[in-house]
Structure formats: C-alpha cells, structure tokens
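Following: one structure in structure tokens, then a few remarks.
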Amino acid sequence: MDFTTTYVLLPTAKIIAVFIVVLLTVLFLTYAERKVIAFMQVRLGPMRVGPWGLLQPIADGIKLFLKEDIIPLKADRFVYWIAPTISIVPALLSFLVVPWGSETTLFGLAKQPVPAVISDLNIGLLYILAISSIGIYGILLGGWASNSKYPLLGGLRSAAQMVSYEVPLTLALVGPVMMANTLSTRGIVEAQKGMWFVVPQILAFLVYIACAVAETNRAPYDLPEAETELVAGFHTEYSGMKFAFFYLAEYANMIVVSSIATICFLGGWLPVPGLSFLHLPSFVWFALKVGVFLFGYLWIRATYPRYRYDQLMAIGWKFFIPVTLINIFITAFFLLK
Amino acid sequence: MSHAQYIPLLIFLVIAILFPLVTLAIARFFRPSKFSKSKLSPYECGIEEITEARENFNVRYYIVAVVFLIFDVETIFLYPWAVKYRVLGLFGFVEMGIFLLILIFGYVYAWKKGALEWE
C-alpha cells in the first residue's frame, strides 16, 4: 500500500465510521439510560415516540436543533460560544487510539486486513490522558462565560473535582503499563493474551472505576450538576444545540473511559476466557465489554445517593491516591526478577 | 515514518471541529430568535439579580489546583519509567522508590498543612 492510502484515505474512512458509531451509541445510550433507570424504578420510561419509545432520542435531537439559542446579555459572547466546542472536540478525538477489534477490512474497502484502530500511536494511552484533560476547559469556560451564579459555582466544582480525580486515575493506569511495557493501546491488549490485567491489577481496576465515574461527572459524583442545589450546574444558561454538545461530550466521555477500562483491564477485543469457541468477531467482544461498563454507569446512578462535596474531595485525595501508590509498589515488587 | 501516524489526528481534528460549527451554522436558519430582556438575564430562579456573579470564591479551589499541578507532573514522570521497568530492573525499582518517597513526603506535608481539607 502506498503512503496516501495508509495514512490518509484509510484513516479517513475509519474516522467517518468511528464518528457515526460513536454518535449513534451516544444517541441510544441516552435512551438506554432513561429506559434502564425507569425499569429499576418500576416505571415504563419513554413509550410514546416509535415502538417502545425507540425514536425518542431522535425526537430529542430534532427538538434541541430547533430550540432558540439563548446567549445571556451579561455573558462573554465569544467564550460562551466556544466552550461547548472545546468540550466536544477532545471527547471525539480520544477515539483516535481506541482499538475496537483486532483487524478489519472496513467492509472490503481495504485490500488486506488493517488494524482496527484509526491510528496506533506508540504513546496511545498518554495521548488519551492528555487529550481528555482538555475537556475540563470546556466546562470551566462554559461556567465562567455564562456570568451567572449557578454556572460559575458548577464550573468551579467541576474543575476541582476533575483535576482531583485525574491524579488517582493516571496513577491507576501505571500498573497495566508496567505489565504491558508499552503505551500503545493495541500493545496493551495483546499483552493480555495470557491473563487479563484485571486479575493482578484488581486494586488499580477498582480505583479506576471509581475515578472514571468522577471524571465524567456522573452519579454518585455528579456534584457539578447537583440539581437540588445548583439547578443544572455549568450548563444552566445553555440551550439548544450548545447544550446538546455538552450533553454529547458527557456521554462520549463515558464511552471513552469505558473503552480505556476495557483496553487496560479486560483484554480489549480478546474473547472471554472459556468462551472463545463462540468465534464471535473481535469488535463484538469489545462492544460487549464496553456495554457492560455503560450499563454499570446506569445501575450505579439508579442505586446510590449523591456524595457530599467535602467527602468527595477527601476520598479522592486521602484514599485513592495512597491505594494507587501502594499498587504501583506491589506491581514493581512482583515484576522484579 | 513514525510521524506520519499523526496525519489521521489532523484529519480527525478538522472533522471534530467542523462538526459543532457546521451544526450550529445550519441550526441558525431553523431556530427562532426573539429578543426579550428578562429572558436574557442571568438565571436566578425567577428572582431579580441582586449581586454580580463574579465575586470572591473559596481559596480552596486555588489550593487544589496547585496541589494537582505538582502531582500530575509527577505522575506523568512515572509513565516512561513504567514502560521500561522490566529493562531497568532493580536499578529502576530503587530509583523510583526514592522519587516516590520525595513525592510522598510532599503529600504528607500537604496533608498535615491542611491543603487536602475541605470544610
């Protein structure tokens, strides 16, 4: 294959495919969220639009598209306008290094199978960590630019929470990297052919799950949007498509952190041990594992009450960081020859 | 040609930025836009605004930001070490032990000084 095909044409095809899949997943994740929580609370959830309310997310999308775009008079117009974009772009860009399967021909587009990842960077994991941190700016700037009390408080809380939980999250991922000896996402998955990293790295895995929920501002750590005290947090003043982009970014980030958990701890696209006789395509395994995480998100939201802010900060700094440091020491000790 | 791996990143960046911009631009032709002073005033649960939003806020937010800055840089230092750990062996173990001890010393100091408290 020549240079243009390898580095321009095929990646572009993959980008468009990933883009469409991510947007569709986000769309039906919002539907799944309402439906799952409804069933857990013995309700029916959306039932009116389409069979079993299946067209509800599309109706919501059209509604948001046609809504008036309100910019408060006191708002900083440029920052107010650019904040949702800063929020959504890093959430989408994270998918650059997410390997959704072993190899693919892209429905016959490629002549021979190519790796099922847009670009297999050798610093893959570091790239995701770096690019997903930029999303914090979107929330902080959105809250500040609104020039209103609730969004400002929500934005500040959000920034403090996300930076606090980024430290234990980053530390938790050091363990799998030590065992895989690479930062490439494909390399990490391939290193788990013998055993999934969830077994030796169980401490890191548990801390990672807790921190991932906090990083994405989801219940029970959804303090930035605590509706009982802050109305809607940083996006109180936003309406229409700008609100939709914040919403999209939140759900896309949920998929990103679930994908990282799958890649680093649950063997990515590798089949579940003992079930490899099913011969399912690799992307099905990957989707199933990510799906389990996303369901876990909804389950947690329906089960646990919201944390108090001082408890949230205390558990992040005083419990998760020591645990991850201990995990690094244990891993280092056992890898020592 | 390892740098060529980043060409897809540039393509993706352009597509990702165009997506919200184009959607917002198209929505302009469909959405209503009716000016009204009370609609465009800051949301205050229906009550008229008394004070400005941008006032002093808790100094804790700054302290968290400063502590985060130190810790995040140090955690990123762990990554190159983690990748080459099996090659470094005992030398790497001792070196990182010293590095982490200094980090833990700072952590204990911040804890004792009350930088991690939130009341």
Side-chain angles (χ1 to χ4, degrees), chain A residues 3 7-8 11-12 15 19 65-74 84-85 88-89 92-93 96 118-122 126 146-150 152 156 160 163-164 166-167 170-171 174 177-178 181-183 231 236-237 240-242 245 309-310 313-314 317-318 321 325 328 332 335-337, chain B residues 1-2 4-9 11-13 15-17 19-21 23-24 27-28 30-34 37 39-45 52-54 57 60-61 64-65 67-68 71-72 75-76 78-79 82-86 89-90 92-93 96-97 100 103-104 107 111 116-119:
Chain A
F3 184 84
Y7 292 110
V8 181
T12 310
I15 288 166
F19 197 76
F65 190 74
L66 297 175
K67 280 281 174 192
E68 182 175 356
D69 183 35
I70 294 169
I71 301 177
L73 285 173
K74 285 191 168 179
T85 314
I88 183 86
V89 169
L92 290 172
L93 281 184
L96 184 82
I118 297 172
S119 185
D120 184 24
L121 302 182
N122 56 1
L126 206 57
S146 303
N147 201 352
S148 173
K149 293 181 191 81
Y150 298 114
L152 184 68
L156 280 174
V163 299
S164 295
E166 202 174 296
V167 176
T170 316
L171 284 172
V174 171
V177 172
M178 284 171 78
N181 292 315
T182 174
L183 285 168
V231 188
T236 306
E237 298 284 357
M241 277 322 277
K242 288 188 184 126
F245 288 127
Y309 200 72
D310 59 325
M313 298 304 274
W317 284 105
K318 294 180 180 172
I321 289 180
L325 285 176
I328 291 173
L335 287 179
L336 211 58
K337 282 187 212 79
Chain B
M1 280 304 288
S2 67
Q5 284 184 322
Y6 292 91
I7 295 173
L9 172 61
I11 302 170
F12 203 173
L13 185 68
I15 294 177
I17 291 177
F19 166 62
L21 298 192
T23 320
L24 280 173
R28 234 187 139 82
F30 296 98
R31 64 189 181 216
S33 182
K34 293 199 186 93
K37 194 155 187 296
K39 180 161 66 183
L40 299 183
S41 66
Y43 181 79
E44 203 89 13
C45 302
E52 281 290 311
R54 286 173 196 162
F57 53 81
R60 296 272 159 215
Y61 290 110
V64 165
V67 178
F68 160 74
F71 272 88
D72 207 42
T75 49
I76 291 305
L78 283 173
Y79 273 80
V83 171
K84 282 280 165 250
Y85 182 66
R86 277 183 219 257
L90 189 64
F93 185 77
M96 196 42 75
L100 280 181
L103 174 77
I104 292 167
Y107 176 70
W111 193 328
L116 310 180
E117 306 295 330
W118 197 287
E119 63 267 5

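Sequence lines set the chain letters: A, B, ... in the order given, protein chains first and strands last, and positions in each chain run from 1.
Both the backbone and the side chain of Leu96(A) come within less than 4.5 Å of a heavy atom of chain B. Contact annotation for Leu126(A): only side-chain heavy atoms (C-beta onward) come within less than 4.5 Å of a heavy atom of chain B. Interface remark: Leu93(A) contributes backbone and side-chain atoms alike to the contact with chain B (heavy atom separation under 4.5 Å). If you measure heavy-atom distances from Leu100(B) to chain A, the contacts under 4.5 Å come from the side chain alone. Residue Phe12(B) touches chain A through both its backbone and its side chain, counting heavy-atom pairs closer than 4.5 Å. Heavy atoms of Phe68(B) lying under 4.5 Å from chain A belong to its backbone as well as its side chain. Of the two parts of Leu325(A), only the side chain, counted from C-beta on, holds a non-hydrogen atom closer than 4.5 Å to a non-hydrogen atom of chain B. Both the backbone and the side chain of Lys318(A) come within contact range of chain B, each with at least one heavy atom under 4.5 Å from a heavy atom of that chain. Proximity to chain B involves both the backbone and the side chain of Leu66(A), based on heavy atoms less than 4.5 angstrom apart.
Here Val67(B) is the residue among Val67(B), Ile104(B), Ile76(B) with the most heavy-atom pairs under 4.5 Å with chain A. When each of Leu152(A), Ile118(A), Val174(A), Thr182(A) is scored by its heavy-atom pairs under 4.5 Å with chain B, the top score falls to Val174(A). Between chain B and the options Ile70(A), Val177(A), Asn147(A), Ile15(A), heavy-atom pairs under 4.5 Å are most frequent for Asn147(A). Ranked by heavy-atom pairs under 4.5 Å with chain B, the first of Leu156(A), Ile88(A), Val89(A) is Leu156(A).
Here the OG1 atom belonging to Thr85(A) is positioned 8.5 Å from the CD1 atom belonging to Ile17(B), to the nearest 0.5 angstrom. Distance CD/Gln5(B) to CG/Asp120(A): 6.5 Å, rounded to 0.5 Å. Atoms CG and CZ, from Leu335(A) and Phe93(B) in turn, are 10.5 Å apart once rounded to the nearest 0.5 Å.
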Problem set entry | Worked check of side-chain contact (heavy atoms from CB on, under 4.5 Å) between Leu171(A) and Leu78(B) | CA-CA 8 Å; Leu171(A) 284 172; Leu78(B) 283 173; 3.4 Å; yes
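Here the closest non-hydrogen pair linking Lys67(A) and Arg31(B) is O-CB, 3.3 Å.
In this structure, the side chain of Tyr107(B) engages the main chain of Trp317(A) through a donor-acceptor pair within 3.5 Å. Between the side chain of Tyr79(B) and the backbone N or O of Thr170(A), at least one donor-acceptor pair lies under 3.5 Å.
Between Phe30(B) and Phe65(A), the two ring planes are tilted [angle within 30° to 60°].
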